[in-house]
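These notes are about the structure you will find just below.
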Amino acid sequence: MDHTISQPYSAPPEGHVSHSRLERVLRSGRFAITAELNPPDSADPADVYEAARPLGEVADAINATDASGANCHMSSIGISALLTRAGYSPVYQISCRDRNRIAIQGDVLGAAAMGVSNVLCLTGDGVGVGDQPGAKPVFDFDSLSLLRTIKTMRDERRFLSGRTIKNPPQLFLGAAENPCIPPYDWRPERLAKKVEAGAEYIQTNYIYDVPLFEKFMARVRDLGLDKKVYILAGVGPLASARAARWMRSNVPGIHVPDAVIDRMEKAEKPGKEGKKICIELIQQMREIAGVSGVHVMAYRKEHEVSAIIRESGVLASRKR
Amino acid sequence: MYRIRLFAIRHSRSFEWIYKRLESVMVALDPVLAKIGYDRVERPVAFVEKCVKTVLFDCKMCGQCVLSSTGMSCPMNCPKQLRNGPCGGVRPGGFCEVKPDMKCVWALAWDGASRMKGGAQIHTVLPPVERNLEGSSSWLRVSREKAAHLREAREKRRTAIADAFPDARANEPSAAPLAEEPAQAVKGSK
């Protein structure tokens, strides 16, 4: 049995809010790597561990998605609990679409008790894009009121009802941002609002439009936000020009510029080209002031994540 | 009504002015309303409020109106009912993820707020809607809340929400109410 789950409740290190490895890496100024796990349609823990293995080699934390795209898979809390048992550090994603405030606050305590130390607060895609469009959308919280609520639970030791929490959840609080979609001018302002609500790190959606992202980051630096929150830029390998076009028109909030699609189209081996673009993006992200790491979302290409990170050279300075 | 809603957002500055006037009248009326009994006026005022605001803003009578903090664009028209800004799914041109024919309520909100004097209120982090206040009058709540701004809260639960969202309490007190609610305004309390 692994000891992570039987560890006694203890205070986080000085100047930290949690025992999270991701928090330690970010606070120490190292370039952080997080990666998204493709959740299995299965009740077998082995399927989770198989998906986690290639990510765990390079990632400081593994994101367990919460029915992303409104498609049903193994739950994020289940995956997170399995990952902590095996010694991985998960990012427990919470979407506001499927659960109300009673369920979410309870799950936050449960997740923390199982050794989860990172959460990512998300609004969630609408039910209409998923595999069960007839489902009732909940949206009791939105991502910001959720952030503030978990912060209140952690720092003030109470539920939103005012009832006291004996031992509060020690969680590193994250949120998402999508810099490359409208309203562009307001995206940095919205980030400021998320920081105000309690976000300590940000994982962005896919970024394929570097100039647009640089413009966003310039405004973020003007607002002084890069000093208040760690930003991890979202990247991922494209499979083919067709897949990129499909994603652009069917998955909410994804912007792929025509130039990138053209490049994929002209490539002899699109798979290789997608990987190459991803590596280049990671190297470019590293050079942008205020970017503290990358978040790799390699949908159905998890096995390539480790190679992508190694080839990008961003971990070269790390003692491993 | 979509067109009228867009009109209201285009003229957010004027509506802000009207709302400010209305608010001071409501606050001034607090002693009178308290004397008549908030419980008694709740239904008729809510009815009038519903008629006016449905035409102007496609109001959904959430009971915790925050129009002054959302560029006069009612956030309850967002299919996800977000209270704190656009989600990550806004389509090119600023259209809604869920209803592609509709402009994103929050893209419009930022636009409306940019024309308003107190537009910076859009930065306020707002708490979730208290669903048991749906259908009740927000105008009366504003009157009670602003008037009772300094009155001590009796209920611990509600103090917690106001403490967790201090800016919201200061700028949009009816979003984090502290004053005593009349029975008529709260669902399921008789």
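Just so it is clear, the structure is predicted and the values come from calculations on it, not from any experiment. The sequence lines fix the lettering, A, B, ..., with proteins before strands; numbering per chain opens at 1.
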Neighbour count >12 (heavy atoms, 6.0 Å) for atom [atom1], [X]:
X	atom1	answer
A:Ile102	CD1	no
B:Arg3	CZ	no
B:Tyr2	OH	yes
B:Lys60	NZ	yes

Could you report the tightest heavy-atom contact between [X] and [Y], atom names first, then the distance?
X	Y	result
B:Ala160	A:Gly162	CB-CA, 3.6 Å
A:Lys193	B:Ile122	NZ-O, 2.7 Å
A:Arg187	B:Gly88	NH1-CA, 4.4 Å

Side chains of [X] and [Y] in contact at under 4.5 Å (non-hydrogen atoms):
X	Y	result
B:Pro128	A:Leu160	yes
B:Lys80	A:Asp142	no
A:Glu156	B:Asp163	no
A:Pro252	B:Arg91	no
B:Phe165	A:Leu144	no
B:Arg83	A:Ser145	no
A:Phe141	B:Pro127	no

Rounded to the nearest 0.5 Å, what separates atom [atom1] in [X] from atom [atom2] in [Y]?
X	Y	atom1	atom2	answer
B:His123	A:Glu196	NE2	CD	10.5 Å
A:Cys96	B:Leu82	SG	CG	8.0 Å
B:Ser114	A:Trp186	OG	CH2	5.5 Å

Under 4.5 Å, counting heavy-atom pairs only, tell me which of A:Asp125, A:Ile254, A:Asp185 racks up the most with chain B.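 Counting heavy-atom pairs under 4.5 Å, the top option is A:Asp125.
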May I ask you to name which of A:Ile181, A:Thr152, A:Thr149, A:Asn178 has the most heavy-atom pairs under 4.5 Å with chain B?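 Top option by heavy-atom pairs under 4.5 Å: A:Ile181.
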Indicate yes or no: does B:Asp167 engage A:Arg148 in a salt bridge with an N to O separation below 4.0 Å.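 Salt bridge absent between B:Asp167 and A:Arg148.
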Return the option, out of B:Val98, B:Val129, B:Asp111, with the maximum number of heavy-atom pairs under 4.5 Å with chain A.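 Highest number of heavy-atom pairs under 4.5 Å: B:Val129.
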Which residue out of B:Ala107, B:Pro79, B:Gly89, B:Gly94 racks up the most heavy-atom pairs below 4.5 Å with chain A?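 It is B:Gly89.
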Of the backbone (N, CA, C, O) and the side chain (C-beta and beyond), which part of A:Ala197 lies under 4.5 Å from a heavy atom of chain B, both, or neither?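 The answer is both parts of A:Ala197.
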Chain B-proximal positions within residues 216-228 of chain A [heavy-atom distance under 4.5 Å]: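 Residues in range: none.
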Candidate pair A:Asp140 and B:Arg131, rule side chain to side chain contact (heavy atoms under 4.5 Å, CB included), full reasoning: CA-CA 9 Å; A:Asp140 191 15; B:Arg131 303 284 165 174; 4.0 Å; yes
